[in-house]
Amino acid sequence: MTDQRITATPIDPAKLDRLAEVAVKVGLGLRPGQDLLLTAPAIALPLVRRIAVHAYKAGAGIVTPILSDEEMTLARYRHGHDNSFDRAANWLYEGMAKAFSDNTARLAIVGDNPMLLSGEDPSKVARASKANSMAYQPALEKIVNFDTNWNIIAYPSPSWAKQVFPNDPEEIAVGKLADAIFAASRVDREDAMANWASHNAVLRERTNWLNGQRFRALQYSGPGTDLTIGLADGHEWEGGASLSKNGISCNANIPTEEVFTTPHCRRVYGHVVSSKPLSYQGTLIDNIAVRFEDGKIVDAKASRGAEVLNKVLDTDEGARRLGEVALVPHSSPISQSGLLFYNTLFDENAASHIALGQCYSKCFVNGAQLTPQQIAAQGGNQSLIHIDWMIGSAETDIDGILADGSKVPVFRRGEWAK
């Protein structure tokens, strides 16, 4: 039954193959002889198979897939013993960490129903998430520090498509989501590789300008927002293709429209409201409003999902501080699509955003040589979580503050001022 459903979905096979090729060649930059660890929902097998083909054509050593399944996930919440929700597969993540240490590339395909756990016990969801985050730390450190080349892409599963297009029959919804994914991932045209080369060049031009400015802070203003985000000492802006510590250039996210860096986790002041809802583990958190003092969120509200938001903020000390600040113009293709994808991989590329939690050591000058203690001293945040939420809109102005206190326009009404 499952295989028939997969093959019947209206997904353009040529564009799906193009996405697989871009993931391997642009997303990962996979090198001959390099192993690949791939995680995906089982429904995404058509894409998994095409990735395997392109990976082996590129000279991959071994491609190892790990598949998940929505029904098996739900079975745990509905039939699992209570004490199981404080446990995670440590052995699996330890093995993944070892693989990344041995230069194995990492590819994740997302596509599960973003609201899958919306009907389950929120305390169990929170406990399982925390246990999983703790177990994943050894592997996550290798990813956020760019020890190896990695990439995330998406597959249009029926359950996800029905969330995005609830009023359409499943087959139509899948076709619409597939088209939206292909367009956002820049594989809807035959010249996808050249398209990505041009896009990376534009993002690199933006990061070069920002790095040349050496801003001390960014100041945001807009409806409900008056926020100053200090930038970490020795921060470095990244965007598009990035060089991992193993010497391979990769595009970690496909799609991507952002340029981003590390804020100073103790130098954030003021208040800000979200411009788009945040879908987090089955809960839609909407109209987030927070206030910062000395880098820490001291007050947080939401019109919907407030209980979940506050549980997230209580994950650990670093959960109330920022680990990333990213700039995205309102005119980005994902923003202009008008869609809420319920998936951060896409929704974060519709608007400028900030992330609670763990920072990227990559976003420091000579970050590869810095110790965790040095990163912390320069303002980098540490946490079990990394959750992006959107704060930019067509009414957002952003100024860069230089060391002498003078200001340089960065965004005006949601667009690059430069």
Side-chain angles (χ1 to χ4, degrees), residues 73 76-77 80 82-88 90 93 114-141 143-144 224-225 227 229-230 232 262-274 276-325 342 344 347-348 353-360 372 375-376 379-391:
T73 298
R76 179 188 185 191
Y77 285 92
D82 184 72
N83 60 6
S84 75
F85 294 96
D86 297 310
R87 298 179 55 201
N90 298 65
Y93 298 125
M115 308 304 286
L116 180 67
L117 302 179
S118 60
E120 306 308 316
D121 184 341
S123 67
K124 289 182 177 179
V125 174
R127 288 163 57 199
S129 175
K130 185 171 184 177
N132 203 60
S133 294
M134 292 175 68
Y136 189 48
Q137 277 301 108
L140 180 63
E141 288 179 0
I143 296 299
V144 298
T225 294
L227 182 70
I229 300 178
T262 297
H264 198 295
C265 68
R266 297 179 292 279
R267 298 177 188 164
V268 183
Y269 305 90
H271 54 90
V272 63
V273 297
S274 62
K276 294 179 181 294
L278 166 64
S279 177
Y280 180 74
Q281 296 187 342
T283 297
L284 200 65
I285 308 175
D286 203 1
N287 296 314
I288 300 171
V290 302
R291 182 168 58 87
F292 288 88
E293 290 181 3
D294 298 323
K296 184 177 182 179
I297 293 176
V298 294
D299 185 42
K301 301 174 182 177
S303 65
R304 179 179 179 183
E307 181 182 358
V308 173
L309 172 63
N310 281 288
K311 283 186 176 180
V312 168
L313 294 175
D314 289 337
T315 301
D316 55 27
E317 168 62 25
R320 290 180 176 269
R321 300 179 185 274
L322 298 185
E324 178 190 347
V325 57
Y342 297 88
T344 303
D347 292 333
E348 72 169 6
H353 55 273
I354 51 180
L356 304 171
Q358 181 66 42
C359 76
Y360 291 115
I375 289 172
N381 194 33
Q382 185 172 9
S383 175
L384 292 173
I385 67 167
H386 181 93
I387 301 174
D388 301 85
W389 53 284
M390 286 57 74
I391 63 172

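Glu307 is linked by a side chain to side chain donor-acceptor pair (under 3.5 Å) to nothing, counting only residues two or more places apart in sequence or in another chain. Legend: residues meeting side-chain contact (heavy atoms from CB on, under 4.5 Å) with Arg76, ordered by chain and number and at least two apart, are Ser84, Phe85, Ala128. For the side chain to side chain donor-acceptor pair (under 3.5 Å) test, residues two or more places apart in sequence or in another chain that qualify with Asp82 are Arg127. Considering only residues two or more places apart in sequence or on other chains, Gln358 meets the side chain to side chain donor-acceptor pair (under 3.5 Å) condition with none of them. Legend: residues meeting side-chain contact (heavy atoms from CB on, under 4.5 Å) with Leu140, ordered by chain and number and at least two apart, are Tyr136, Gln137, Val144. Every residue two or more places apart in sequence or in another chain that forms a side-chain contact (heavy atoms from CB on, under 4.5 Å) with Glu120 is listed here: Leu74, Tyr77, Arg78, Leu117, Val125. Residues passing the side-chain contact (heavy atoms from CB on, under 4.5 Å) test with Asp314 are Arg320, sequence neighbours excluded. Residues that satisfy the side chain to side chain donor-acceptor pair (under 3.5 Å) test with Asn310, not counting sequence neighbours, are absent from this structure.
What you find for Ser383 and Gly357 is that their closest heavy atoms are CB-CA, 3.6 Å. Taking both residues in full, the closest heavy atoms of Met390 and Asp347 are given as CG-O, 3.5 Å, listed atom of the first, atom of the second, then distance. Residues Tyr93 and Ala139 approach most closely at O-CB, 3.8 Å, considering heavy atoms. Minimum interatomic distance between Ala319 and Val312 (heavy atoms only, all atoms of both residues): CB-O, 3.4 Å. The two residues Cys265 and Gly380 come nearest to each other via the heavy atoms SG-O, 4.0 Å. For Pro263 against Gly323, the heavy-atom pair with the smallest separation is CD-C, 3.5 Å.
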For a side chain to side chain contact (heavy atoms under 4.5 Å, CB included) check, start with the C-alpha distance between Tyr342 and Leu284, then their side-chain angles and the critical distance, and finish with the verdict.
CA-CA 8 Å; Tyr342 297 88; Leu284 200 65; 3.8 Å; yes

Pair Leu322, Ile229 - check side chain to side chain contact (heavy atoms under 4.5 Å, CB included), show working.
CA-CA 9 Å; Leu322 298 185; Ile229 300 178; 4.1 Å; yes

Walk me through whether Val268 and Arg321 qualify under side chain to side chain contact (heavy atoms under 4.5 Å, CB included).
CA-CA 8 Å; Val268 183; Arg321 300 179 185 274; over 6 Å; no

Below 3.5 Å, can you tabulate the donor-acceptor pairs from side chains in residues 285-299 to any protein atom, sequence neighbours excluded?
from   : atom 1 : to     : atom 2 : distance (Å)
Asn287 : ND2    : Ser303 : OG     : 2.7
Arg291 : NH1    : Glu293 : OE2    : 2.5

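Counted within 6.0 Å of CE on Met115, heavy atoms from surrounding residues, nucleotides or ligands total more than 12; the atom is thus considered enclosed. For CD of Gln281, the number of neighbouring non-hydrogen atoms (other residues, nucleotides, ligands) closer than 6.0 Å is greater than 12. More than 12 heavy atoms of other residues, nucleotides or ligands sit less than 6.0 Å from atom CZ of Arg266.
Counting heavy atoms from C-beta outward, Lys311 and Ser123 have side chains that approach closer than 4.5 Å. Between Cys359 and Ile375, the closest side-chain pair of non-hydrogen atoms falls below 4.5 Å. Counting only heavy atoms from C-beta outward, the side chains of Glu324 and His353 approach each other to under 4.5 Å.
Summarising the geometry, atom CD1 belonging to Ile391 is positioned 4.5 Å from atom CD1 belonging to Ile354; distances are rounded to the nearest 0.5 Å. The line from CG of Leu309 to NZ of Lys301 is 12.5 Å long, rounded to the nearest 0.5 Å. Interatomic distance, CG of Asp316 versus CD1 of Ile385, reported as 6.5 Å (0.5 Å rounding).
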